[in-house]
Peer 1: 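Right, I'll just put the structure down here and ask away after.
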Amino acid sequence: MNNVDAAPPLLAVENLSKSFGGVHALRSGSFKLNRGEVVAIVGANGAGKSTLIKVIAGAHVPDGGRIVINGSEIPRTEHSVSHMREKGIEVVYQDLALVPNMTAPYNLFLGRIPKKWGIFVDQRKMRKKTREVLDTLNVTTVQDLSQPISSMSGGQQQSIAIGRAIAWGKEIVILDEPTAALGPNETAEVERIVEEVRDRHGTSFILISHNLDQVRRLADRIIVTHHGVTSREFAREEVTSDRLVRAITLGE
């Protein structure tokens with residue numbers, strides 16, 4: 001990764017909190033994300049990491065704290081998924097949010113279908129853009145753009161989901177357990193895509209993963225959530241898997 005420490009952070013999250021009824025799902029979430037950086041957020045189930053990324057993505061409005069993107073604070077009254085997308089944040093959730101019986105181009109343009117003369121679907125534009133995105137990711141395994149997503153492998157589907165995020169969110173992509181259902185070869189391909197996009201385009205990634213070996217391969221920094229608090233932060237080169245496990249389970 002390039003040296004980004006001298007530049008102001010692309011994203012600054014400060015003391016975010018979120019409760020659901022009497023349950024404090026997130027008590028205090030704070031971290032920074034630099035341009036062209038991969039930051040992993042790890043924690044036990046129920047530690048607050050999913051709530052944290054959903055607040056950042058605009059799916060939940062925070063009860064307290066603030067989010068600053070490119071130096072501008074996001075007003076709580078404008079906190080929404082659509083507004084965060086306008087700010088360049090896209091999410092690839094664990095279920096990928098793909099439509100199985102649709103093709104790759106239709107999935108890439110889901111919610112953004114282009115029209116010719118305001119009436120007809122511009123399929124040529126969709127296919128061209130999809131091929132450009134796959135070429136950008138150096139994905140060669142998806143050749144037939146007319147086949148439905150359901151006929152593709154898990155790795156190919158993940159490539160389409162990441163490609164959609166890259167196509168519409170050049171700034172920050174949040175990956176929620178991106179390889180949980182994939183085998184070793186497909187996992188390696190997804191990790192290659194993340195590294196290539198980061199290095200070639202300066203895209204920043206927030207990675208949620210239970211795979212600590214993957215976290216240590218991909219992340220520049222690792223944020224630990226414990227009981228709703230971002231309790232620890234480690235640089236990749238300074239932490240071992242054993243130390244990460246202690247921080248996740250004991251908050252040490």
Side-chain angles (χ1 to χ4, degrees), residues 9-20 23-35 37-70 73-74 76 78-98 158 161-162 164-166 168-181 190-191 194 197-198 203-212 214-215 218-234 244 247-248:
L10 174 61
L11 169 72
V13 175
E14 301 176 4
N15 301 315
L16 287 182
S17 62
K18 180 65 181 179
S19 296
F20 301 95
V23 178
H24 299 290
L26 182 64
R27 297 174 183 272
S28 180
S30 301
F31 71 95
K32 295 179 181 178
L33 177 69
N34 297 308
R35 193 173 300 279
E37 183 180 41
V38 178
V39 167
I41 300 176
V42 299
N45 291 333
K49 58 187 185 296
S50 293
T51 302
L52 176 59
I53 65 165
K54 286 179 179 178
V55 170
I56 295 169
H60 295 324
V61 178
D63 297 329
R66 65 183 197 140
I67 298 174
V68 180
I69 302 175
N70 279 319
E73 183 173 350
I74 305 300
R76 206 164 301 175
E78 298 179 13
H79 198 97
S80 65
V81 171
S82 59
H83 187 68
M84 290 310 206
R85 282 179 171 171
E86 289 175 4
K87 294 294 184 180
I89 297 179
E90 289 284 339
V91 186
V92 180
Y93 288 109
Q94 188 172 352
D95 63 4
L96 302 183
L98 298 173
Q158 187 65 259
I162 293 176
R164 181 174 62 193
I166 299 302
W168 310 117
K170 294 292 187 183
E171 297 277 4
I172 300 169
V173 175
I174 300 173
L175 300 174
D176 183 12
E177 299 287 357
T179 60
V190 169
E191 291 178 3
V194 171
V197 171
R198 176 196 63 189
T203 301
S204 301
F205 288 88
I206 299 173
L207 170 67
I208 310 298
S209 178
H210 282 94
N211 186 334
L212 298 187
Q214 177 180 75
V215 164
L218 282 180
D220 299 294
R221 288 183 295 114
I222 303 165
I223 311 297
V224 178
T225 59
H226 185 72
H227 290 171
V229 177
T230 47
S231 57
R232 296 297 304 272
E233 176 178 326
F234 301 101
L244 264 181
I248 290 169

Peer 1: Can you establish whether the number of heavy atoms outside His227 located under 6.0 Å from its atom NE2 is more than 12?
Peer 2: no

Peer 1: Please report the closest heavy-atom contact between Arg232 and Ala247, naming both atoms and the distance.
Peer 2: CG-CB, 4.4 Å

Peer 1: Going through the distances and angles, do Ile174 and Phe205 end up as a side chain to side chain contact (heavy atoms under 4.5 Å, CB included)?
Peer 2: CA-CA 6 Å; Ile174 300 173; Phe205 288 88; over 6 Å; no

Peer 1: How would you list, by chain and number, every residue that makes a side-chain hydrogen bond (donor to acceptor under 3.5 Å, both in side chains) with Glu86, sequence neighbours excluded?
Peer 2: none

Peer 1: For the pair Thr230 (side chain) and Ser30 (backbone), establish whether a donor and an acceptor sit closer than 3.5 Å, ignoring hydrogens and angles.
Peer 2: yes

Peer 1: Would you compute the distance between atom OG of Ser80 and atom CZ of Arg85 and round it to the nearest 0.5 angstrom?
Peer 2: 10.0 Å

Peer 1: Among Leu207, Leu218, Val38, find the residue that satisfies the side-chain contact (heavy atoms from CB on, under 4.5 Å) test when tested with Leu175.
Peer 2: Leu207

Peer 1: Is a salt bridge present between Arg164 and Glu90, judged by a nitrogen-to-oxygen distance below 4.0 Å?
Peer 2: no

Peer 1: Hey, does the side chain of Lys18 reach the backbone of Val61 with a donor-acceptor pair shorter than 3.5 angstrom?
Peer 2: yes

Peer 1: Does Val68 form a side chain to side chain contact (heavy atoms under 4.5 Å, CB included) with Ile74? I'd like the steps, not just the answer.
Peer 2: CA-CA 6 Å; Val68 180; Ile74 305 300; over 6 Å; no

Peer 1: Do the side chains of Glu171 and Lys87 get close enough for a salt bridge, i.e. N-O under 4.0 angstrom?
Peer 2: no

Peer 1: When you measure from the side chain of Ser17 to the backbone N and O of Gly64, does any donor-acceptor pair fall under 3.5 Å?
Peer 2: yes

Peer 1: Please assess Asp220 against Arg198 for the test side chain to side chain contact (heavy atoms under 4.5 Å, CB included), listing each intermediate value before the final yes or no.
Peer 2: CA-CA 11 Å; Asp220 299 294; Arg198 176 196 63 189; 3.9 Å; yes

Peer 1: Any non-hydrogen side-chain atom of Lys32 less than 4.5 Å from a side-chain atom of Val39?
Peer 2: no

Peer 1: I'd like to know if the side chain of Lys49 reaches the main chain of Gly43, judged simply by a donor and an acceptor atom lying under 3.5 Å from each other, with no hydrogens or angles considered.
Peer 2: yes

Peer 1: Within the 4.5 Å heavy-atom criterion, are Leu244 and Val224 side-chain neighbours or not?
Peer 2: yes

Peer 1: Could you check whether any side-chain heavy atom of Val55 comes within less than 4.5 Å of a side-chain heavy atom of Ile67, counting everything from C-beta outward?
Peer 2: yes

Peer 1: Are side-chain heavy atoms of His79 and Pro62 found at a separation under 4.5 Å?
Peer 2: yes

Peer 1: Are any non-hydrogen side-chain atoms of Thr225 and Leu26 less than 4.5 angstrom apart?
Peer 2: no

Peer 1: Look only at the side chain of Asn15 and the backbone of Ser28, and say whether a donor-acceptor pair between them is shorter than 3.5 Å.
Peer 2: no

Peer 1: Report yes if some heavy atom in the side chain of Ile41 is under 4.5 Å from a heavy atom in the side chain of Ile206; otherwise report no.
Peer 2: yes

Peer 1: First locate atom OG of Ser231, then atom CZ of Arg27, and finally report the distance between them rounded to the nearest 0.5 Å.
Peer 2: 13.0 Å

Peer 1: Determine whether Ile56 and Phe31 make a side-chain contact, defined as any pair of heavy atoms from C-beta on separated by less than 4.5 Å.
Peer 2: yes

Peer 1: Between Glu73 (side chain only) and Arg66 (backbone N and O only), is there a donor and an acceptor less than 3.5 Å apart?
Peer 2: no

Peer 1: Is there side-chain contact between Phe234 and Ile223, with heavy atoms separated by less than 4.5 Å?
Peer 2: no

Peer 1: Verify, without hydrogens or angle tests, whether Asn34 (side chain) and Glu37 (backbone) share a donor-acceptor contact under 3.5 angstrom.
Peer 2: no

Peer 1: Quick check: closest heavy atoms across Leu33 and Ser204, and the distance to 0.1 Å?
Peer 2: CD2-CB, 3.7 Å

Peer 1: Looking at Met84 and Ile69, what are the two nearest heavy atoms and their distance?
Peer 2: SD-CD1, 4.1 Å

Peer 1: Would you confirm whether His226, through its side chain, and Ile248, through its main-chain N or O, come within 3.5 Å as a donor-acceptor pair?
Peer 2: yes

Peer 1: At their closest point, which heavy atom of Ala40 faces which heavy atom of Val215, and how far apart are they?
Peer 2: CB-CG1, 3.6 Å

Peer 1: Checking Arg35 against Asn70: is there a side-chain donor and acceptor pair closer than 3.5 Å?
Peer 2: yes

Peer 1: Looking at Ala57 and Val91, what are the two nearest heavy atoms and their distance?
Peer 2: CB-CG2, 3.4 Å

